[in-house]
Amino acid sequence: MAWKYALNIGAISLILSLEAVAVGSFLRPAEALNSPANSVHRRSQPQLPLNWQTVLPAQPSGSRPNSQQVGASWNSFQPPEQGVPGRREGGGTRGLDCSTAPTALTALIPQSTMGQTISAKPTFFYYLPVALDKTVQFELADETDKTLYKKSFRMVTSRAGVVSVSLDSDDNSPALEVGKNYQWYFTIKCNAKNYTTDEVLVSGWINRTALTPNVKTELDRSPVAAKLSIFAQQGLWYDYLATLAQLRMQSPSDASLAIKWSSVLNSVQLGKIAQEPLVPSELTPLRKK
């Protein structure tokens with residue numbers, strides 16, 4: 001079984017950049033955080049849908065989807081056939097400290113559970129249905145499910161909402177390689193005395209791709225707000241969400257940004273959490289005993 005490392009969605013700056021020694025969790029330890037109980041153990045022999053494919057290749061040099069396709073292809077990237085299926089909504093047991101919440105812990109990822117990025121150390125987003133003070137884990141694995149990175153933290157937030165975990169906040173985290181698929185796992189430990197059963201987990205896939213020289217030049221020359229359309233045109237889910245979240249944190253009263261946020265979440269069937277706030281979090285690394 002694998003567990004996930006989490007980081008934070010910083011309170012003022014970029015999308016939850018984590019501080020040197022801290023970043024994300026919940027404040028109300030007695031509150032629960034998940035949907036009805038079910039097993040969250042990673043499968044040693046995954047049961048895969050027959051139509052799962054390896055992630056699609058990048059678009060030809062200089063090409064872009066037409067305006068009708070922009071932002072509409074988030075779900076076109078599929079996890080590799082031999083991989084473990086991802087899960088957007090958390091499953092877990094109903095332990096003493098982990099009773100059922102109205103909405104499940106949810107990863108902000110496409111329905112296929114695969115998303116693309118151009119970042120070597122991307123940011124991941126999660127909806128927390130309640131505020132808690134718990135231990136969390138973030139784990140990154142390769143396509144064969146071999147663990148490449150795993151870290152435990154104490155996560156604290158003041159309320160329910162969307163938080164982030166950024167690999168860029170940890171110098172010891174690995175850089176994603178271009179063209180490779182990775183699995184990630186984000187786990188919340190509901191009961192500090194029983195880590196093996198009382199837990200809530202979400203997981204997904206990420207593929208790092210590279211831009212063509214022309215598109216990269218355009219991206220480098222564009223202001224932050226203009227980068228959104230380029231990320232959408234190139235199908236870069238993680239970069240689009242991180243940039244949009246950063247803009248929303250900087251301009252919380254900008255209605256146009258709120259509309260974009262709602263639109264992108266609705267496009268991957270996550271409209272039920274589109275109105276949830278971006279929440280600062282604090283995460284303290286835990287030492288191994």
_For Tyr182, ring-ring contact (aromatic ring centres under 6.0 Å, His included) partners two or more places apart_ = none
*Pro79 side chain reached by Thr113 side chain, heavy atoms, under 4.5 Å*: yes
*Salt bridge check: are Asp254 and Arg248 linked by an N-O gap of less than 4.0 Å?*
no
*asked:* Ala175: which residues meet the side chain to side chain contact (heavy atoms under 4.5 Å, CB included) condition with it, sequence neighbours left out?
replied: Ala120
*What residues, two or more places apart in sequence or in another chain, satisfy side-chain hydrogen bond (donor to acceptor under 3.5 Å, both in side chains) together with Ser253?*
none
*Ignoring hydrogens and geometry, is there a side-chain-to-backbone donor-acceptor pair from Thr106 to Ala104 under 3.5 Å?*
yes
*asked:* Taking the side chain as everything from C-beta on, heavy atoms only, tell me whether Trp74 gets closer than 4.5 Å to Tyr240.
replied: yes
*Any pair with a residue in residues 173-182 that passes salt bridge (charged side-chain N to carboxylate O under 4.0 Å, His left out), sequence neighbours left out, goes on the list, sorted by first then second residue, please.*
Glu177-Lys180
*Please examine the side chains of Lys189 and Lys134, heavy atoms only from C-beta on, and report whether any two atoms are closer than 4.5 Å.*
no
*Got a sec, which residues hit side-chain hydrogen bond (donor to acceptor under 3.5 Å, both in side chains) with Ser222, two or more places apart in sequence or on another chain?*
none
_Non-neighbouring partners of Lys216 that pass salt bridge (Lys or Arg N to Asp or Glu O under 4.0 Å), sequence neighbours left out_ = Asp220
*Between Asn266 and Ser262, does any side-chain donor sit less than 3.5 Å from a side-chain acceptor?*
yes
*Residue pair Glu89 / Val202: nearest heavy atoms and the distance that separates them*: C-CG1, 3.6 Å
*Any side-chain donor-acceptor pair under 3.5 Å between Asp142 and Thr144?*
yes
